[in-house]
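As structure tokens, the structure follows; a few thoughts come after it.
Atoms within a ligand are numbered from 1 in the order they appear, just like the ligands themselves. Here the structure is a predicted model, which is why all the values come from computation and not from measurement.
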Amino acid sequence: MKKPPGEEPDKRLTVTPPKTWAAGVPAVTHALEYSLDETSVRRTGVTLLTMNQVDGIDCPGCAWADPTPGHRHLNEYCENGAKHINDEATTRRITADFFRRHSVSALGRRSDLWLNQQGRLTEPMVKRPDSDYYEPISWHDALGLLADELKTLDSPDEAVFYTSGRVSNEAAFILQLFARVLGTNNLPDCSNMCHESSGFALHETLGTGKGTVSLEDLHHADLIFLVGQNPGTNHPRQLSALEQAKDNGARVIAVNTLPEAGLLAFKNPQKARGVIGRGVQIADQFLHIRSGGDLALFQGLNRLLLEAEDARPGTVLDQDFIRSSTSGFEDFSRHARTIAWDDILMATGLTREEIDDVRDAVLNSERVIVCWAMGVTQQTHAVPTIREIVNFLMLRGNLGKAGAGACPVRGHSNVQGDRTMGIWEQMPDSFLDALEREFGFEPPRAHGLDSVNSIRAMREGRIKVFLGVAGNFVRAAPDSDVTEDAMRQCRLTAHISTKLNRSHTVCGGTALILPTLGRTEQDIQATGHQFVTVENSMSEVHTSKGRLEPASPILLSEVAILCRLAMRTLDGKAGVPWNQFEADYGTIRDRISAVVPGLHAFNRRVARPGGIRLPNPVNEGVFPTTVGKALFTCNDWEMSQAPEGHLLLQTLRSHDQWNTIPYTNNDRYRGIHGSRRVVLVSPQDVSQLGLAQGQHVDLVSVWSDNAERRAEDFVVVPYPTTPGCAAAYYPETNVLLPLDSVARTSNQPTAKGIVVRLEPTAVRVE
Ligand SMILES: Nc1nc2c(c(=O)[nH]1)N[C@H]1C(S)=C(S)[C@@H](COP(=O)(O)OP(=O)(O)OC[C@H]3O[C@@H](n4cnc5c(=O)[nH]c(N)nc54)[C@H](O)[C@@H]3O)O[C@H]1N2
Ligand SMILES: Nc1nc2c(c(=O)[nH]1)N[C@H]1C(S)=C(S)[C@@H](COP(=O)(O)OP(=O)(O)OC[C@H]3O[C@@H](n4cnc5c(=O)[nH]c(N)nc54)[C@H](O)[C@@H]3O)O[C@H]1N2
Ligand code: SF4
Ligand SMILES: [Mo]
């Protein structure tokens, strides 16, 4: 394929040595620089000082939890949260005039970075089938147009409703209610591409798809694993929690293909020693693992624990827990011993001594937590890997007790809450029954389409209408060219968005931009100033109240847009009080109380400082699995492999981007400046593949359909990644990820395990 449309011409790339510590004073200066570049001193003050405070704005960045009220700093945010919030609070505006000057095809040639830099969307726009330009349209006409398309579908299953994890609980609940009253479960979301594998594995083994630990648990663990996770960039305040855990005596073991700065050391900008000192070493042990080797690592550890118990019966395993709370131990124990050490060492690339050291650390710890993120979930064998992590935790009873447990670290600030609200194409019958009781309609029962299956259906012409509620579907999804072609098959594509992105330039026949309020902004409805609620990675539900003047007086909130759309589309069907919901979000929460377990008396309880912690059955010793106990599972050994001359490519985030949106072309911690078109390759592979530092290469992926997937013109940067494993940034590399390359059972795209070869870039005559 050609160079992905919209790439900026290569900036001058400079490469400096990767950093060996994260945060500190530079983090604060970078945050302020970016904020002041985007917005004013006053707006920066309003957003940053109320961020993550009780009754303030919930950070729209990641899903990391806030300390309990009373333990919060005045500046309870991180560099990336500050950048992120001010990216929304920017004073730049996109008006109708902008769209008169730039055709849709011209916008399609711009970079993700440029599109985002143009500022906030301010009025609804439509692109008609015969035009290459967006033009203004009233809210009334825009929603009428969308409603008419939905009403004329042959089946409601010809529509899909995509959600990104920024959406509040209230808007998410309204969206799923609308889709289900309309008659479809086609509710794909970003979670399909994020922690779907965690949800599947945890659900099967523990009976709940969510993590089991709180911030308190983390502070009091003896041993914390950070597996396939880059907290210094993606969950920066996790480093404060780890610092505290270490102060309390915890050990940390980091497992990664890259020695990320935040895994090595942390200088807490809120503490004197973080400003002037050497910082705190985070990882006591760093396991430089091969891509996809985590399954084998935990298989090896589990085998060692079983053997330690054989040697000293009754001293290693938590027999009480295993007997009373689990099922399948005998089969697991037999199977685990069959996995050969040679295979484990080959898959992990680690030495036996390294794994023995980890075993010793485990044996010396009463309370163990395993945290993981995309390095684990975006692999073909992600589900068995997480099942094996659960086996590991269960062997020593590290579940359901203080200071221990499973911690899938979520991405978007409300991705977990959206699921709680019913954004999932496979919601269980218990939830659908509750909806039926509460609203008196029959929700559809057949499972809907997830993200990958939505693309397949669009490609086959089975989807006529795509509505994206937040997010940037065409850039987040795999196989960019395939996804873009699929989107263009739709009769209508519409996006409820705060900022311009590439999804707005890849249009169905008709396309709509429906601009909305961001979380930083005052949301005033008929009954006054509304707040919304969100749920973080640790199942804490709390409020968020915007403070800034809206970016434009024309903007509607997500809730208002969805309620009005529902009213126009459903003509009063099912008697849902959409009007009342729009006027008073408290009335939505009242209905959520009746549908979602754990959120009874939602309005009253969420108003308390710190909000509500949703119960996790595991912490009450209850395992709502098929057999009513936690399940040990048998997982066959497997490893990720690339043929001779090829590498396993992971597609990851730079320090200066939010998912599909780069904020700059820099990646400070990794020492990359000025360009994102780089591929990080181990020095050993650089020489073995006959490449050179600074050489220009095309990345070509290899897949069974033999289709050519090529990302052109990347610069080779020697980097201490595990040999055989390369890294490059997402979303520029999504073109390489075949749609059918998914994790088994969870159907999650394998964005961390793409087989590629590096071809020297042909000299082109322009
Ligand atoms: N600033 C910022 N914060 C964010 C985001 C953002 O884009 N920018 N995105 C948010 C979202 S939605 C999410 S899901 C999270 C993502 O948070 P992360 O999962 O930390 O994000 P990635 O950049 O994908 O990094 C994956 C990490 O896994 C490692 N890795 C890759 N393959 C393997 C493997 O096979 N085994 C092991 N053990 N490690 C491996 C990589 O080297 C990298 O350190 O961050 C959230 N927070
Ligand atoms: N190759 C590869 N692909 C990946 C990944 C990877 O690691 N590698 N990671 C995957 C993961 S973990 C995720 S979560 C997805 C992310 O996929 P998405 O969540 O779809 O993508 P984002 O980049 O977060 O979406 C950014 C857009 O959201 C809109 N937006 C921001 N805030 C708001 C708001 O408050 N309201 C509304 N309505 N709109 C808003 C803006 O218009 C902005 O342009 O990507 C996935 N894709
Ligand atoms: S760690 Fe995450 S939630 Fe906390 S301030 Fe940073 S980006 Fe925001
Ligand atoms: Mo994510």
Ring geometry between Phe200 and Trp424 (parallel below 30°, tilted from 30 to 60°, perpendicular above 60°): perpendicular
Closest to atom 38 (N) of ligand 1 (judged by heavy-atom distance), picking from Thr721, Val415, Asp294, Thr348: Asp294
Close approach of His235 to ligand 1, heavy atoms, under 4.0 angstrom: yes
Atom indices of ligand 3, in the order listed, that fall short of 4.0 Å to a heavy atom of Pro236: 1 (S)
Ligand-side contact atoms (ligand 1) for residue partner Asn80, heavy atom cut-off under 4.0 Å: 1 (N)
Side-chain H-bond candidate by donor/acceptor type, Thr750 with Gln379, under 3.5 Å: no
Nearest neighbour of atom 32 (N) of ligand 1 from the list Gly375, Gly753, Ser537, Ala476, on a heavy-atom basis: Gly375
Residue selection (non-hydrogen contact nearest atom 11 (C) of ligand 1) among Ser654, Ser640, Gly411: Gly411
Best match, Ala751, Cys190, Gly228: closest heavy atom to atom 39 (N) of ligand 1: Gly228
Any donor-acceptor pair under 3.5 Å from Asn747 side chain to Val742 backbone: no
Smallest separation among heavy atoms of Leu115 and Asn501, with atom names: CD1-C, 3.8 Å
Cys59 near atom 2 (Fe) of ligand 3: N/O/S under 2.8 Å: no
